[in-house]
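This report concerns only the one structure given below.
In each ligand, atom 1 is the first atom listed, and ligand 1 is the first ligand listed. We count residues from 1, following the sequence as given.
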Amino acid sequence: MKKLAILGSTGSIGTQTLDVVRAHPEAFEVEGLAAGNNIELLMQQVLEFKPSKISVGSKESAEQIKQQLPAHIQVFYGEQGLIEIAAGTDADTVVTAVMGSMGLPSTLAAIDAGKTIGLANKETLVTAGHLVTARARQKGVQLLPIDSEHSALFQCLNGEPRERIHQLTLTASGGSFRDRTREQLKHVTVADALKHPNWSMGSKITIDSATMANKGLEVIEAHWLFDMPYDQISVLLHPESIIHSFVEFVDTSIIAQLGNPDMRVPIQYALTYPDRQQAPSSRLSLAQIGQLNFREMDYVRFPCLSMAFEAGRLGGTAPTVFNAANEIAVSRFLNGEIPFLLIEDIIADALQQHEVIANPELEVIYATDAQTRARASAFSVL
Ligand SMILES: NC(=O)C1=CN([C@@H]2O[C@H](COP(=O)(O)OP(=O)(O)OC[C@H]3O[C@@H](n4cnc5c(N)ncnc54)[C@H](OP(=O)(O)O)[C@@H]3O)[C@@H](O)[C@H]2O)C=CC1
Ligand SMILES: CC(=O)[C@@H](O)[C@H](O)COP(=O)(O)O
Ligand SMILES: [Mn+2]
């Protein structure tokens, strides 16, 4: 029986993780759940999965739900609450499925407590990849990828040493605006941007897919997860999201991982690794699909991807800046404050003004993240 704690249990990844648990009640037990504001859904999850500890976003919510729950369920809140669920339960595996670099302290706490990490929260690896991976190595903790491309690469690599690898290629769907020109992008709406062609996901990552910042974050995530230099990581446009990514070996052989776009498959693989079980998902029929398409990536059309490569190559605090600026810009777009194309302007401005600090300590990462957020929040075209 595997014991789980889920950070972000009410979100897209969190609820699909619970679908996997529901499909294998004999294999998993839920020890801890952490959510933000969706108290109603969290309460349903508590009744169904019976964790011993839960956490919510605010003190008020925590006090309100304590009155409705039996005393043996401990209720926490805020950042300390997330840390308690990450590190303070009997769970052996922690699924990190909150959105953004706010997941960094709890991810580090889970690693320090020796938990295996099912890693969905890519922003933590982007903002502080050197610290997260070094700490995981030091503690002998496995970082098992949940992100579909990284799960694919992990499966294709299958432990092969670096000297046998020629290139990792991440596939990109192109997001909601794949076929629109830059001129057309000036007038797109939030509702349009939230219509991803293949995946149903949280709103922030759906916007990231539309700007291609998601693929940029994923390039940096792949660099840290697989210890690969940036010139051996590439991106290919693949509108169908059936090939989730592939590895080309030095002998020219390519191994790819395919499947329907369904996150429950990579989530389950991270939870059962190295075993495989029947997933609560439909089987892929290539005969029914008939045709798969590929296109060279257009870095002029998608400047967020070029900026992510640049930030990754610069290293140090540059990826922290890329991530923090993007998080603020996306939140401002979702709030209707700025047009879509300003997202990339905000990231470009943040990167341009930043003097990169090499090999930053955790405190430097937090300070850089906060400074970048302040600048990105104040950015205006006027
Ligand atoms: N969705 C997907 O298919 C994929 C997602 N990812 C990554 O996984 C992560 C999660 O994405 P996704 O599931 O789409 O995001 P969602 O927005 O759907 O979910 C975010 C989760 O975080 C919770 N949360 C928000 N604020 C807090 C807080 N202050 N304290 C505790 N919990 C909080 C939310 O709670 P509440 O709703 O209760 O407020 C929710 O449970 C992201 O890093 C994303 O990039 C990676 C690959 C695919
Ligand atoms: C499901 C998943 O892993 C997302 O990160 C997905 O990859 C988004 O798709 P695109 O960024 O390729 O549009
Ligand atoms: Mn992905």
Does an N or O anywhere in S203 fall below 3.5 Å from an N or O of ligand 1? no

The atoms of ligand 1 lying under 4.0 Å from a heavy atom of A120, numbered in the order shown, are 6 (N), 7 (C), 8 (O), 43 (O), 46 (C)

Starting from atom 20 (C) of ligand 1, locate the nearest protein heavy atom and write down its residue, its atom name and how far away it is, to 0.1 Å. A97 O, 3.8 Å

Nearest non-hydrogen protein atom, atom 15 (O) of ligand 1: G202 CA, 4.1 Å

Does either side chain, that of R164 or that of S253, offer a donor lying less than 3.5 Å from an acceptor on the other one? no

Among all protein heavy atoms, pick out the one at the shortest distance from atom 1 (N) of ligand 1; state its residue, atom name and that distance to 0.1 Å. S12 OG, 3.0 Å

Which one holds for E123 and ligand 1: side chain close, backbone close, both close, or neither close, with close meaning a heavy atom under 4.0 Å? side chain

Would you say the side chains of Q16 and S12 form a donor-acceptor pair under 3.5 Å? yes

Under 4.0 Å between a Lys/Arg side-chain N and an Asp/Glu carboxylate O for E218 and K122? yes

Those atoms of ligand 1 less than 4.0 Å from some heavy atom in M201: 1 (N), 2 (C), 3 (O)

Verify side chain to side chain donor-acceptor pair (under 3.5 Å) between S173 and N198, making sure each step is shown before the conclusion. CA-CA 8 Å; S173 75; N198 306 330; 4.5 Å; no

Among all protein heavy atoms, pick out the one at the shortest distance from atom 29 (N) of ligand 1; state its residue, atom name and that distance to 0.1 Å. M102 CE, 3.7 Å

Contact partition for K215 relative to ligand 2, non-hydrogen atoms under 4.0 Å: side chain

Is the closest side-chain donor-acceptor distance between T272 and Q277 under 3.5 Å? no

If we only consider heavy atoms of H244, is any one of them less than 4.0 Å away from an atom in ligand 2? no

Do N323 and E327 meet the criterion of a side-chain donor-acceptor pair at a distance under 3.5 Å? yes

Find all atoms of ligand 1 within a distance of less than 4.0 Å from any non-hydrogen atom belonging to I13, and give their numbers and elements. 1 (N), 2 (C), 3 (O), 4 (C), 5 (C), 8 (O), 13 (O), 48 (C)

Can you report which non-hydrogen protein atom sits closest to atom 19 (O) of ligand 1, along with the distance? G11 CA, 3.2 Å

Parallel, tilted or perpendicular, judged at 30° and 60°: which one describes the rings of H244 and W199? tilted

Within the 4.0 Å heavy-atom shell around S148, which atoms of ligand 2 are there? 1 (C), 2 (C), 3 (O), 7 (O)

Between K115 and D92, is the salt bridge (Lys or Arg N to Asp or Glu O under 4.0 Å) condition met? List the steps. CA-CA 5 Å; K115 315 286 188 188; D92 40 66; over 6 Å; no

Report the nearest protein non-hydrogen atom to atom 44 (C) of ligand 1: residue, atom name, distance rounded to 0.1 Å. I205 CD1, 4.0 Å

Could you find the nearest protein heavy atom to atom 9 (C) of ligand 1 and give me its residue, atom name and distance? V98 O, 3.4 Å

Can you tell me which portion of I205 lies within the under-4.0 Å heavy-atom range of ligand 2? Options are side chain, backbone, both, or neither. side chain

Sub-3.5 Å donor-acceptor pair from the side chain of H238 to the main-chain atoms of I243, do we have one? yes

Kindly report the OE1-the Mn ion (ligand 3)-OD1 angle for E149 and D147 respectively, rounded to 10°. 100°

Would you mind checking which non-hydrogen protein atom is closest to atom 47 (C) of ligand 1, with the distance to 0.1 Å? D147 OD1, 3.2 Å

Given I146, which partner from the list L271, T96, I117, V95 fulfils the side-chain contact (heavy atoms from CB on, under 4.5 Å) test? V95

Give a yes-or-no answer on whether the side chains of E123 and N121 include a donor-acceptor pair shorter than 3.5 Å. yes

Note: ligand 1 atoms sitting under 4.0 Å from heavy atoms of T10 are 34 (C), 35 (O), 36 (P), 37 (O), 38 (O), 40 (C), 41 (O)

Between F154 and Y273, is the ring centroid distance below 6.0 Å? yes

Is there any N or O on S148 that sits under 3.5 Å from an N or O of ligand 1? no

Where ligand 2 meets A172 - atom numbers and elements under 4.0 angstrom, heavy-atom basis: 12 (O)

